[in-house]
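As the structure is a computational prediction, the values presented were derived from the model and not from experiment.
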Amino acid sequence: MMTPEKLKAIISQGEGTEVELKESKDSLARKIYESICAFLNRRGGHVVLGVDNDRNVVGINPSKVQEQLDQLAKDMNNPQLFKPTYYLNFEPMNLDGKKVIYFYVPESTQGHSYKGVFYDRNQDGDFELRSTEQIANLFIRKSKMKTEDRVYPMLGMKDLDEEAFDELRRGIRIENSQHPWLNLSNEEIIRSAELLAVDPETGKEGLTLAAILLFGNSHAITTALPAYRIDLLCRVNNTELYDDRELLSCNLLKAYPIMMAFIKKHLPEQPYIEGIQRFSLRDTILREVVLNMIIHREYSSAYPATFTIYRDSIVTENWNIPYVYGHIDLQTMRPHRKNPKIAKVFSQMGIVEELGSGMRKMFKYTPLYANGKEPVIEEQDVYRIEIPYIPTLQGSEIDTTQKSTQKSTQKSTQKIIDLIRENPYVTTQEMADSIGIIRRTIAKHIKSLQEKGIIKRIGPDKGGYWKVIE
């Protein structure tokens with residue numbers, strides 16, 4: 001139940017994404033219906049009649065309170081005004097000796113229009129949804145079925161890319177050599193990840209859009225999403241065209257390593273030590289940026305996803321169904337996984353962590369990579385991230401950084417060799433615990449040592465042992 005104290009706390013916030021104040025002294029403020037419609041379509045919100053924009057309680061004429069209550073109830077149940085209609089509970093209250101009307105508008109499971117117009121809400125207030133794409137996005141957001149769950153009954157296992165499954169297994173093996181998916185067939189993995197479903201229209205089973213995006217071959221992707229692209233651009237010197245470009249139309253499991261390789265090719269490395277762990281600030285920050293692009297993108301739109309490297313910043317843009325309009329930071333963020341099935345597959349490789357951790361990493365480590373500057377994140381129909389960075393180090397700074405990195409790598413690989421000599425059955429996790437670096441880094445060192453012929457795996461991953469080649 002709303003109390004005067006709680007209501008004063010709401011009013012003190014002022015107008016915003018979830019609060020609307022209106023004077024409504026002698027007659028009902030008709031613009032309030034646009035706000036009600038917007039709150040129903042967005043995340044809900046508090047409405048107070050009898051308070052001005054400066055948060056002053058001006059009150060409603062006592063003789064007009066019941067009239068306004070009756071008008072609100074009548075109009076909210078008028079299908080010529082609201083489609084669909086919606087019942088709200090309006091509450092008259094006394095505040096500082098004056099009459100006000102308070103009511104809460106919850107987020108609706110349906111899309112609503114007022115006088116044939118759909119409204120939405122951001123920090124600046126109510127706004128009309130003018131384009132068919134904006135309106136379509138509203139209904140996609142309201143729908144229980146996400147775009148990634150759309151079923152394509154004409155596509156099956158034959159339309160998937162074997163190399164994408166190899167990439168998945170490679171990533172899983174590094175993270176967890178005991179993972180159950182390593183012993184499953186491709187189809188069993190698809191079923192375990194809930195990427196096969198029955199089309200409600202035809203009753204036939206088919207691949208979901210998530211399956212096609214993660215594992216699809218070129219035919220499957222073109223069939224489902226003919227306009228799908230990820231555009232990687234380097235515009236450090238040539239800002240009008242580009243210095244380098246990669247235009248990707250492959251599945252996400254292939255696209256992710258290509259995107260990370262493009263980053264390593266064009267952006268300066270900056271090693272960082274936290275506690276006893278040494279890692280790359282560049283890779284840590286931009287891994288989260290890349291994952292944000294591909295996991296939270298709204299794939300129903302033909303709008304291309306772009307990753308652009310400028311002289312002192314990286315800017316990404318992708319189409320989005322906004323959950324929070326406007327500037328996003330650690331205070332305003334509301335973690336919301338937009339493609340949970342896609343995220344689940346990446347999480348099996350240890351790439352995706354708990355919801356919201358990626359953004360926290362961006363804000364934690366970007367100032368260390370960019371001389372104190374923070375990332376800029378804007379959530380609109382287009383989701384935009386800007387990561388500042390310090391341009392490439394020069395001369396002796398590069399030499400010092402490279403020598404430091406090489407020395408650290410040599411030290412770690414020698415420790416791995418020593419541990420194997422002491423105990424050929426030592427596990428990757430035991431190596432990580434002993435040396436004090438993460439298991440993924442250990443796996444990279446092991447791969448390098450194997451490629452150089454320094455160590456060899458005898459027998460299977462489980463039950464085998466290591467041998468140092470003397």
message = One thing to verify: whether Arg121 and Glu107 come together as a salt bridge, which I'm taking to mean a side-chain N less than 4.0 angstrom from a carboxylate O.
response = no
message = Among Tyr87, Tyr119, Tyr114, exactly one meets ring-ring contact (aromatic ring centres under 6.0 Å, His included) together with Phe82. Which residue is that?
response = Tyr114
query = Side chains of Tyr365 and Gln270: do they bring a donor and an acceptor to under 3.5 Å?
reply = no
request  = Using a strict cut-off of less than 4.0 Å between a Lys/Arg side-chain nitrogen and an Asp/Glu carboxylate oxygen, indicate whether Glu148 and Arg150 qualify as a salt bridge.
outcome  = no
ask   = Between Glu34 and Lys31, does at least one N-O distance fall below 4.0 Å, as a salt bridge requires?
value = yes
query = Would one find more than 12 heavy atoms of other residues, nucleotides or ligands at under 6.0 Å from atom CG of Asn94?
reply = yes
ask   = Would you say the side-chain atoms of Ser280 and Glu269 include a donor-acceptor pair closer than 3.5 Å?
value = yes
task = Only one of Phe103, Phe39, Tyr104 passes ring-ring contact (aromatic ring centres under 6.0 Å, His included) with His46; say which it is.
result = Tyr104
query = Any side-chain donor-acceptor pair under 3.5 Å between Asp244 and His266?
reply = yes
ask   = Can we say Glu288 and Lys361 salt-bridge, meaning some charged N sits less than 4.0 Å from an Asp/Glu carboxylate O?
value = yes
query = Between Asp199 and Lys204, is there a salt bridge with N-O shorter than 4.0 Å?
reply = no
note = With Val57 as partner, the option from Leu21, Leu7, Asp96, Asp52 fulfilling side chain to side chain contact (heavy atoms under 4.5 Å, CB included) is Asp96
inquiry  = Salt bridge check, Glu167 against Arg169: does any charged N sit closer than 4.0 Å to a carboxylate O?
reply    = no
query = Taking NZ, NE, NH1 and NH2 as the nitrogens, is one of them in Asp75 or Arg30 under 4.0 Å from a carboxylate oxygen of the other?
reply = yes
message = Regarding Asp161 and Lys254, does a basic nitrogen lie under 4.0 Å from an acidic carboxylate oxygen?
response = yes
query = Would you call Lys338 and Glu379 a salt bridge, using N to O less than 4.0 angstrom?
reply = yes
